[in-house]
Amino acid sequence: MGTQLWLQFVASLAVLTIARLSWKAIKNVYFHPLSRFPGPMPAAAGSWWNMIHELLAGKGLSDLLPELHAKYGPVVRVGPNELHFAEPAAYREIYNTNNRWSKDPFIYHSFGADNASFGYLTVEEAKPRKMILASVFSRKAVIGYLPCIQEQVNRFCDILAQNDRKGHSSNLLFGPRALSLDIITILMFGRSFGAMESPDFCHSILCSLNDSLPAFSILKFFPSVFQLLEYLPTQFLERFWVSHVGLRRFQSELMKQVIMVREDPTLLQNASYPVIFRDLLATDIPLESLYSEAQTLLTGGIENVSNTTMFALWHLWHDKELLHQVQNELQEIWPDPNVFPEIEALENLPLFTAVVKEALRLAPGIPYPATRIIPQTGAVIQTQFIPPGTVVGVSTLMVHRSTALFREPNTFQPLRWLEPNANELNHHLVAFSKGPRACQGIKYASSCPRLSVIFVCSTSNFCLVLLWWSCKPLLLPSSVASISS
Ligand code: HEM
């Protein structure tokens, strides 16, 4: 074929592709069952609108939602086949025990943990795994984990105190992550990964996980890239895409650990605490699925738990009066540091509980809309009929920051949880989601940050600064803090 013929062929192909995409966009905007719902036209036309915002402008859908709802009202078409609802009442209509709606593969298959409790799309698929996890995260099991939590938090406080004595600052972003990693790995595998001993708390798993976060966004939109990258050598990727290398490193370190305990389960036998993987290995779960579950539990156990802990500590250290109030509350039930109070007493401290609830409200861990697919029968949400197959969701942040529910919703006001209408507010605290796919680790995830904050506040009184150039919270040593204040 001559050059001219080639050019003609390529040009025709381009014209055809553009015509096809334009026709698809027109069909999506004007002839789709969701055409009657308001929203930005480019969002209705194709999923690239979302992609451009997330990948190029660095704004995920949850960042855009307040603006979109202010402009288009309580229901917005945020994708060709996706609706987002703003009203807290819609949250209950979507996420409740009667609805057994499937998860949306676009989101849930982008974490690389498809064969795990979190990644299974249907309630039926998830059920057998949920039954195993229900026992390892039962109230009784969590009470068994408390001595481990206490021991690790004491170690964390010792390290903060040591840093303070040496005149070193402490990294409050990675510190709680390292603490959470050490606790969850002891509970999962019977041994600590020693993250708190790493310089500045930056253990390789935490750094890898941190580096890998942007890769998840790209893999969500281009899942086949992930398979292609499997064939490229790490040295090559290291030069071009650090984030993906982080993800690879994280996955390979975790896989090594899973293989180790799978090949030699006796490694789990001498652990001082109940070990989650003992229960998982007692069943015949294939390796790939065991790995996926490990990734789910580890990321839930690190990221979400440490976010809550960090957020609560950050606000307490920022507000000295509040800190004194919680310390007084603690003093009443724990007057003698050598006599440890009943764990129930620690868990029921009203002000501490309010501080953690407020941290969960403002920083709920999973801010994206947990999208579900409307079943074949269709459904009614907020009095509107939603056609079968539509992807629907409500971001937790829209509920938690609703001005109709929370006074000054963007400010940290733990005392709101102690006011007469607190029961009503509790109903709208949905950080762990609701319904059949709600958080499986909820009992552990409610206890661990609360106890961490209590133990840290019982032993330390540090000064906090925010590094303005990186927005990273840092604990200043008291010697420096007294000069700077
Ligand atoms: C403060 C800490 C935590 C928060 C705020 C949190 C929040 C959530 C939310 C909102 C979901 C539902 C997500 C969705 O539908 O897309 C979820 C699911 C889940 N969480 Fe958590 N989580 C926390 C800690 C944990 C911990 C520590 C574990 C276990 C170690 C855990 C295990 C799970 C599992 C297995 C699921 C999947 C449940 C299912 O799909 O059936 N979470 N979590």
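Worth saying up front: this structure is predicted, and the values here are computed from it rather than measured. Both counts, for ligands and for their atoms, begin at 1 and track the order of listing.
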Residue [X] vicinity, atoms of ligand 1 by number, heavy atom under 4.0 Å:
| X | answer |
| --- | --- |
| Thr308 | 1 (C) |
| Val305 | 2 (C), 27 (C) |
| Phe137 | 29 (C), 30 (C) |
| Arg372 | 15 (O) |
| Gly301 | 27 (C) |
| Tyr444 | 27 (C) |
| Ala370 | 14 (C), 15 (O), 16 (O) |

For this session: Please list, chain by chain and in numerical order, all residues satisfying side chain to side chain contact (heavy atoms under 4.5 Å, CB included) with Ala345, sequence neighbours excluded.
Result: Ile333, Glu342
For this session: Can you run down the side-chain hydrogen bond (donor to acceptor under 3.5 Å, both in side chains) pairs that involve residues 181-195, sequence neighbours left out, and say none if there aren't any?
Result: Arg155-Asp182, Asp182-Ser192, Arg191-Gln257
Problem set entry | Leu173 to Pro176 - nearest heavy-atom pair and separation | O-CD, 3.8 Å
Exercise. Looking only at heavy atoms, what is the nearest atom pair of Ser62 and Ser395, with distance?
Worked result: CB-OG, 4.3 Å
Write out the residue and atom name of the closest protein heavy atom to [atom], then the distance separating them to 0.1 Å.
| atom | value |
| --- | --- |
| atom 35 (C) of ligand 1 | Ser117 OG, 3.2 Å |
| atom 12 (C) of ligand 1 | Arg437 O, 3.7 Å |
| atom 41 (O) of ligand 1 | Lys130 NZ, 2.8 Å |
| atom 5 (C) of ligand 1 | Pro364 O, 3.3 Å |
| atom 14 (C) of ligand 1 | Tyr108 OH, 3.2 Å |
| atom 10 (C) of ligand 1 | Ala431 O, 3.1 Å |
| atom 38 (C) of ligand 1 | Ala438 O, 3.5 Å |

For this session: Consider every N or O of Thr296 and every N or O of ligand 1, then say whether any pair is closer than 3.5 Å.
Result: no
Exercise. Using the ring of each side chain (for Trp, its six-membered ring), is Phe201 parallel, tilted or perpendicular to Phe156, with breaks at 30° and 60°?
Worked result: tilted
Exercise. Taking the inter-plane angle between the rings of Trp334 and Phe455 on a 0 to 90° scale, is it parallel (under 30°), tilted (30 to 60°) or perpendicular (over 60°)?
Worked result: perpendicular
For this session: For atom 21 (Fe) of ligand 1, count the protein N, O or S atoms found under 2.8 Å away.
Result: 1
Problem set entry | Sequence neighbours excluded, every pair satisfying ring-ring contact (aromatic ring centres under 6.0 Å, His included) that has a member inside residues 115-151 | Tyr108-Phe118, Phe111-Phe118
Got a salt bridge between [X] and [Y], using NZ or NE/NH1/NH2 to carboxylate O under 4.0 Å?
| X | Y | answer |
| --- | --- | --- |
| Lys256 | Glu253 | no |
| Glu54 | Lys59 | no |
| Arg401 | Glu408 | no |
| Glu347 | Arg139 | yes |
| Arg100 | Glu124 | yes |

Exercise. Could you walk me through whether Ser289 and Arg129 pass the side-chain hydrogen bond (donor to acceptor under 3.5 Å, both in side chains) check?
Worked result: CA-CA 10 Å; Ser289 182; Arg129 190 63 55 82; 2.7 Å; yes
Exercise. Are Gln295 and Ser292 close enough that a side-chain donor and a side-chain acceptor fall under 3.5 Å?
Worked result: no
Exercise. Hey, is Lys103 one of the residues with a heavy atom under 4.0 angstrom from ligand 1?
Worked result: yes
Exercise. Any idea which part of Tyr368 is under 4.0 Å from ligand 1, heavy-atom wise: side chain, backbone, both or neither?
Worked result: side chain
